[in-house]
Amino acid sequence: MSRHTRRQRRRLAMLTVGVTTALTLTACTTNPDGQNAAAAGRRSASPAPEGVVTAREASAIVSAYEQTNNKANLTQDSDLLATVEAGAVNVQSRADYKQFKTWTKKERNTYGRAFRYERREFAIPRKGSATWFAVQATATGSRNRALLIFDKIDSTYKLVMALYLDDKTSIPALAFDKNGFAEPADPTKAVGALAPNQVGAAFEDLAETGGKKSGAKLASTTLTKEARNLYTDRDQQDNSKYATNRYFAKPPRDPSVYALKLVTGGVLVAFPSAHTGETLLRPAYMASYKITPSRREAIYNPSSRVVITDEYQGQALAVLEAKGKPHVIAREYRMVDSR
């Protein structure tokens with residue numbers, strides 16, 4: 001995964017891809033070993049509570065990710081990157097590497113440029129309450145804050161989500177317990193209209209049905225309007241005389257959802273989502289015409305065909321409150337297959 005970029009692309013005016021996001025976290029106050037500063041000075045008969053990692057260990061994990069990621073980006077080494085990445089972010093990174101040769105020179109140079117995550121602030125859950133931790137940081141050369149989530153995969157902490165907010169979006173303060181540990185939320189427990197693990201399906205419903213089902217439970221934001229426009233504008237594309245454009249929700253390749261409690265009683269949720277975009281020739285043209293894939297689609301299947309089905313895998317961020325509808329505040333998609 002490279003630093004934050006804003007790459008947008010449409011095939012047959014179908015789908016916007018590559019918008020990323022960030023978020024502001026309220027980090028726990030820690031000493032270099034990750035203990036709450038106030039709790040560190042108190043003595044107790046019982047052992048002091050521990051986090052899933054200390055702040056020092058978390059910082060070392062982020063630094064190791066930077067170094068390996070920067071090296072892998074130079075040669076698009078998917079196997080090397082997989083030693084420090086997993087989940088939704090790695091699905092997207094692998095697609096970036098596969099499509100790399102179709103990018104502009106400027107895009108390739110930007111992606112391959114080494115960077116660091118600076119101004120780090122950690123949100124570390126108590127040991128036993130989660131297997132993961134979050135960090136707020138700013139990538140070298142970027143003005144946007146990023147939310148990075150590292151989860152323990154096969155005994156190794158790997159980056160599994162990387163989300164950036166735009167300049168106009170802020171995040172409510174996270175909740176921390178009396179020892180300074182971030183408080184994970186149950187992804188299956190409803191907060192207002194939806195549970196954290198239901199937000200992805202609701203978001204994809206906007207593209208598939210225009211929000212006639214669970215998508216109606218989401219608040220109207222710039223990002224939900226863009227998703228709904230995929231449905232409302234599906235028959236108003238340059239190719240609409242010859243073909244139909246349809247979108248269908250599908251399960252994400254990695255269904256992991258990460259949720260943190262807010263001081264308001266609400267929840268911040270980082271979730272995956274996915275859909276396919278189908279372009280199908282109308283019956284009157286099937287005997288004489290075929291659809292030519294774009295350069296990026298041709299990476300996966302160069303053949304001209306009567307139907308092209310692209311697979312998009314995404315990651316996104318939403319705020320859930322007990323009252324009101326969930327707000328989707330960040331999202332990023334990649335086309336990861338075409339057939």
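Since the structure is predicted, the reported quantities are computational estimates derived from the model, not experimental observations.
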Do we see a donor-acceptor contact under 3.5 Å between the side chains of [X] and [Y]?
{"X": "Thr188", "Y": "Asp186", "result": "yes"}
{"X": "Asn144", "Y": "Asp167", "result": "yes"}
{"X": "Asn90", "Y": "Arg94", "result": "yes"}

Common cluster, [X]/[Y], ILVMFWY with side-chain heavy-atom separation under 4.5 Å:
{"X": "Leu230", "Y": "Val336", "answer": "no"}
{"X": "Val257", "Y": "Leu223", "answer": "yes"}
{"X": "Phe115", "Y": "Tyr97", "answer": "yes"}
{"X": "Tyr111", "Y": "Val89", "answer": "yes"}
{"X": "Met286", "Y": "Ile308", "answer": "yes"}

Side chain [X], main chain [Y], donor-acceptor under 3.5 Å:
{"X": "Thr309", "Y": "Arg339", "result": "no"}
{"X": "Lys212", "Y": "Thr209", "result": "yes"}
{"X": "Gln76", "Y": "Asn73", "result": "yes"}
{"X": "Arg228", "Y": "Leu206", "result": "no"}
{"X": "Gln236", "Y": "Asp233", "result": "no"}
{"X": "Thr110", "Y": "Lys106", "result": "yes"}

Listing request: all side-chain hydrogen bond (donor to acceptor under 3.5 Å, both in side chains) pairs with a residue in residues 316-325, at least two apart in sequence or in separate chains.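 Passing the test, one end in residues 316-325: Thr264-Glu321.
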Qualifying residues under side chain to side chain donor-acceptor pair (under 3.5 Å), relative to [X], sequence neighbours excluded:
{"X": "Thr102", "value": "Arg296"}
{"X": "Asn70", "value": "none"}
{"X": "Thr222", "value": "none"}
{"X": "Arg120", "value": "Ser59, Ser63, Glu66"}

Heavy-atom pair of closest approach, residues Pro184 and Lys261: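 So the two residues come closest at O-CE, 3.6 Å.
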Does Arg334 form a salt bridge (charged side-chain N to carboxylate O under 4.0 Å, His left out) with Asp310? I'd like the steps, not just the answer. CA-CA 10 Å; Arg334 292 288 193 280; Asp310 294 338; over 6 Å; no
Do [X] and [Y] come close enough that some side-chain heavy atom pair is under 4.5 Å?
{"X": "Ser240", "Y": "Asn245", "result": "yes"}
{"X": "Leu81", "Y": "Val84", "result": "yes"}
{"X": "Gln315", "Y": "Pro252", "result": "no"}
{"X": "Leu218", "Y": "Leu194", "result": "yes"}
{"X": "Phe122", "Y": "Val53", "result": "no"}
{"X": "Pro326", "Y": "Val319", "result": "no"}
{"X": "Ser214", "Y": "Asp205", "result": "yes"}
{"X": "Gln237", "Y": "Thr244", "result": "no"}

Who pairs with [X] by salt bridge (Lys or Arg N to Asp or Glu O under 4.0 Å), at least two apart in sequence or on another chain?
{"X": "Arg253", "answer": "Glu311"}
{"X": "Arg282", "answer": "none"}
{"X": "Glu183", "answer": "none"}
{"X": "Lys225", "answer": "none"}

Would Val307 and Leu281 satisfy side-chain contact (heavy atoms from CB on, under 4.5 Å), going step by step from the backbone distance to the final call? CA-CA 6 Å; Val307 58; Leu281 281 176; over 6 Å; no
Walk me through whether Val160 and Asp254 qualify under side-chain contact (heavy atoms from CB on, under 4.5 Å). CA-CA 10 Å; Val160 293; Asp254 187 323; 5.8 Å; no
side-chain hydrogen bond (donor to acceptor under 3.5 Å, both in side chains) between Asn301 and Ser338, worked out: CA-CA 6 Å; Asn301 184 349; Ser338 182; over 6 Å; no
Point-to-point distance, once rounded to the nearest 0.5 Å, from [atom1] of [X] to [atom2] of [Y]:
{"X": "Lys98", "Y": "Ser78", "atom1": "NZ", "atom2": "OG", "answer": "8.5 Å"}
{"X": "Tyr312", "Y": "Glu204", "atom1": "OH", "atom2": "CD", "answer": "12.0 Å"}
{"X": "Leu80", "Y": "Thr68", "atom1": "CG", "atom2": "OG1", "answer": "6.0 Å"}
{"X": "Gln92", "Y": "Gln313", "atom1": "CD", "atom2": "CD", "answer": "8.5 Å"}
{"X": "Arg126", "Y": "Ile124", "atom1": "CZ", "atom2": "CD1", "answer": "13.0 Å"}
{"X": "Trp132", "Y": "Ser256", "atom1": "CH2", "atom2": "OG", "answer": "11.0 Å"}

Quick check: are there more than 12 heavy atoms from other residues, nucleotides or ligands sitting under 6.0 Å from OH of Tyr242?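 Counting neighbours around OH of Tyr242, 12 or fewer heavy atoms of other residues, nucleotides or ligands fall under 6.0 Å, so no.
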Consider ring-ring contact (aromatic ring centres under 6.0 Å, His included). Of Phe203, Tyr333, Tyr231, which one does His275 pass it with?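 The residue from Phe203, Tyr333, Tyr231 that satisfies ring-ring contact (aromatic ring centres under 6.0 Å, His included) with His275 turns out to be Tyr333.
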Look at Glu121 together with Arg119 and state whether they make a salt bridge at an N to O cut-off of under 4.0 Å.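 The answer is no: the pair does not qualify as a salt bridge.
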Would you call Arg108 and Asp96 a salt bridge, taking side-chain N to carboxylate O under 4.0 Å as the test?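 No, no charged N to carboxylate O under 4.0 Å.
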Report the C-alpha distance between Lys217 and Gln198 in whole Å, list the side-chain angles of each, state the deciding distance to 0.1 Å, and finish with yes or no for side-chain contact (heavy atoms from CB on, under 4.5 Å). CA-CA 10 Å; Lys217 296 181 179 181; Gln198 296 174 324; over 6 Å; no
Among all residues two or more places apart in sequence or in another chain, which pass the side chain to side chain contact (heavy atoms under 4.5 Å, CB included) test with Ala201?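 Ala201: no side chain to side chain contact (heavy atoms under 4.5 Å, CB included) contacts found.
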Can you list everything that forms a side chain to side chain contact (heavy atoms under 4.5 Å, CB included) with Thr75? Sequence neighbours excluded, please.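 Counting only residues at least two positions away or on another chain, Thr75 forms a side chain to side chain contact (heavy atoms under 4.5 Å, CB included) with Asp77.
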Taking ring-ring contact (aromatic ring centres under 6.0 Å, His included) as the test, write out the residues that go with Tyr289, two or more places apart.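 Tyr289 satisfies ring-ring contact (aromatic ring centres under 6.0 Å, His included) with Tyr285 only.
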Testing Phe181, Phe133, Phe176 one by one against Pro125 for a side-chain contact (heavy atoms from CB on, under 4.5 Å), which residue passes?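 Result: among Phe181, Phe133, Phe176, Phe133 is the only option passing the side-chain contact (heavy atoms from CB on, under 4.5 Å) with Pro125.
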Do Tyr65 and Tyr157 have ring centroids that are under 6.0 Å from one another?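 No, the ring centres sit 6.0 Å or more apart.
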